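Working notes, structure below.
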Amino acid sequence: MARIIGTGSCMPRNVVTNKSMESYVDTSDEWIVSRTGIKERYISEKDENTGDLGYGAAVEALRDAGIGPMDLDYIIVATTTPHSLVPNTSCYIQGKLGAMNAACFDINAACTGFIYGLEIAQSLLNLKDKEYVLVIGTEVLSKITDFGDRSTCVLFGDGAGAAVLRKGEGILGIVTGADGTKGECLSTGDFAVSNILAGVNESKNLISMDGKEVYKFAVNILPLALEKALEKSDMKAEELDHIIPHQANVRIIESAAKRLHLPLDKFYMNIERTGNTSAASIAIALDEMNKKGLLKMGDKVSMVGFGGGLTYGAICMEWTM
């Protein structure tokens with residue numbers, strides 16, 4: 001049993017509008033908005049790496065939860081763009097927080113990473129001597145974005161969101177899954193063997209995406225994953241007060257709403273201001289709703305996403321803050 005007791009988020013200082021992208025990408029504001037719903041996104045400066053944004057979100061989440069860094073038993077960071085490979089991003093954040101009692105590890109499930117992190121946190125809180133877990137979704141996707149590819153570079157943004165979980169009733173059901181046979185649809189390619197013996201120069205791995213295939217996967221898996229989570233929670237879709245989908249594309253969210261026969265206003269969207277922030281996406285949206293007072297005690301809330309891998313996941317919970 002686990003429940004969320006605090007949330008936080010942190011965005012870079014630099015806001016990049018569609019209009020400003022027109023100066024270096026062959027695109028237009030009208031083209032981007034009509035196909036994605038995105039109007040602007042945050043792009044990190046040199047001093048805003050993945051761990052720094054994650055740390056900012058963590059500080060807010062701990063403050064909201066009313067606990068200190070030393071109370072944490074685990075720090076889980078979901079990211080596709082780590083601060084560094086060694087040390088991992090969670091250890092970097094632990095050091096900045098001073099959370100020296102926390103075990104730390106990173107996970108990579110792309111845009112579904114935050115939901116995977118919540119499932120792991122819930123499992124860890126079943127251990128007798130564990131009380132608090134911090135789950136962070138943090139990304140600097142601008143590290144791996146190909147700004148020469150106008151079909152993908154307009155989609156992505158940077159940012160971080162976090163949640164503190166503790167033992168207690170709240171999470172009702174979680175579903176996670178993956179289809180690795182479709183992995184090449186959204187990929188940075190294989191890392192080349194780059195050493196003296198191989199004689200291979202270091203290569204830069206940037207995102208490439210088969211948009212049509214990802215769209216087909218997303219519009220099918222979002223309603224399916226949500227229905228599975230509802231079944232595990234012994235709930236019906238119409239009982240949900242709020243649905244927080246991965247912020248990838250407005251058209252995908254609209255399609256999911258139609259398939260679930262739910263009004264679109266039940267789906268919280270901030271994509272027009274953030275773009276697709278991968279593992280941070282759902283966490284940022286959750287924190288926005290919390291800060292705005294949109295989540296009331298007893299509300300039935302679902303979060304649902306999909307991402308590279310291809311991965312997917314959904315969670316249903318009762319809001320207890």
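Source: prediction; values computed, not measured. Below, all heavy atoms of this structure are taken into account, side chains as well, without hydrogens, waters or symmetry copies. Numbers here are sequence positions counted from 1.
For residues 295-314, the pairs satisfying ring pair (Phe, Tyr, Trp, His ring centres under 6.0 Å) are H246-F306, with sequence neighbours left out. For residues 116-125, the pairs satisfying side chain to side chain donor-acceptor pair (under 3.5 Å) are E119-T176, with sequence neighbours left out. For residues 275-295, no pair satisfies ring pair (Phe, Tyr, Trp, His ring centres under 6.0 Å), with sequence neighbours left out. Residue pairs meeting the ring pair (Phe, Tyr, Trp, His ring centres under 6.0 Å) criterion with at least one partner in residues 13-59, sequence neighbours excluded, do not occur; the list is empty. Applying the side chain to side chain donor-acceptor pair (under 3.5 Å) test to pairs two or more places apart or on separate chains, those with a residue in residues 258-269 are N220-R259, Y268-E288, Y268-K292. Screening residues 126-153 for ring pair (Phe, Tyr, Trp, His ring centres under 6.0 Å), with sequence neighbours left out, gives no hits.
With respect to R13 and E48, a salt bridge is recorded, a charged nitrogen being found less than 4.0 Å from a carboxylate O. Under 4.0 Å is where a charged nitrogen must lie from a carboxylate oxygen, and between R150 and D26 at least one such pair does. Between K296 and D299 there is no salt bridge, since no side-chain N of the basic residue sits under 4.0 Å from a carboxylate O of the acidic one. We find that E30 and K19 are not joined by a salt bridge, their nearest charged nitrogen and carboxylate oxygen being 4.0 Å or further apart.
A search for salt bridge (charged side-chain N to carboxylate O under 4.0 Å, His left out) contacts involving E239 returns nothing, not counting sequence neighbours. For E131, the salt bridge (charged side-chain N to carboxylate O under 4.0 Å, His left out) test picks out R166, with sequence neighbours left out. N290 meets the side chain to side chain contact (heavy atoms under 4.5 Å, CB included) test with T7, D64, L295, W319, M321; sequence neighbours excluded. With sequence neighbours left out, T36 forms a side chain to side chain contact (heavy atoms under 4.5 Å, CB included) with I32, I38, L155, N249. Taking D106 as the reference, nothing meets the salt bridge (charged side-chain N to carboxylate O under 4.0 Å, His left out) condition, with sequence neighbours excluded. T50 is linked by a side chain to side chain contact (heavy atoms under 4.5 Å, CB included) to T79, T81, H83, T89, T138, V140, K143, counting only residues two or more places apart in sequence or in another chain.
No continuous path of ILVMFWY side-chain contacts below 4.5 Å connects V164 to I115, so the two sit in separate hydrophobic clusters.
Side chains of S281 and Q247: no donor on one and acceptor on the other come within 3.5 Å. In this structure, a donor-acceptor pair under 3.5 Å is present between the side chains of E139 and T80. Using modelled atom types, one finds no donor on one side chain facing an acceptor on the other under 3.5 Å when comparing N205 with T188.
Checking side-chain atoms of K232 against main-chain N and O of I174 turns up a donor-acceptor pair under 3.5 Å. Proximity of a side-chain donor or acceptor of N49 to a complementary backbone N or O of G51 within less than 3.5 Å is not detected. Using a distance-only test at 3.5 Å, with no hydrogens or angles considered, no donor-acceptor pair links the side chain of S255 to the main chain of R251. Looking only at distances, no side-chain donor or acceptor of T277 sits under 3.5 Å from a matching main-chain atom of D158. The backbone N or O of D146 lies less than 3.5 Å from no partner atom in the side chain of D149, so there is not a single donor-acceptor pair.
More than 12 heavy atoms of other residues, nucleotides or ligands lie within 6.0 Å of CD in E45, so this atom counts as buried by the packing criterion. Atom CG of N126 has more than 12 neighbouring heavy atoms from other residues, nucleotides or ligands inside a 6.0 Å radius. Annotation: K167, atom NZ; neighbour count of heavy atoms from other residues, nucleotides and ligands within 6.0 Å is above 12. The number of heavy atoms from other shown groups lying within 6.0 Å of NZ (K130) is above 12.
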- Query: salt bridge (charged side-chain N to carboxylate O under 4.0 Å, His left out) between K216 and D210: does it pass, once the steps are laid out?
  - Reply: CA-CA 10 Å; K216 279 163 56 179; D210 183 336; over 6 Å; no
- Evaluate side-chain contact (heavy atoms from CB on, under 4.5 Å) for V59 paired with K96, printing each intermediate quantity in order. CA-CA 10 Å; V59 169; K96 289 195 75 171; over 6 Å; no
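Interatomic distance, L141 CG to S278 OG, rounded to the nearest 0.5 Å: 5.0 Å. Of the inter-residue distances, the one linking C153 atom SG with R41 atom CZ reads 8.0 Å to the nearest 0.5 angstrom. Here I75 contributes atom CD1 and Y92 contributes atom OH; the two are 13.0 Å apart, rounded to the nearest 0.5 Å.
For the pair L134/L165, no side-chain contact is recorded, criterion being any heavy-atom separation below 4.5 Å from C-beta on.
In terms of heavy atoms, L264 sits closest to A257 at CD1-CB, 4.0 Å.
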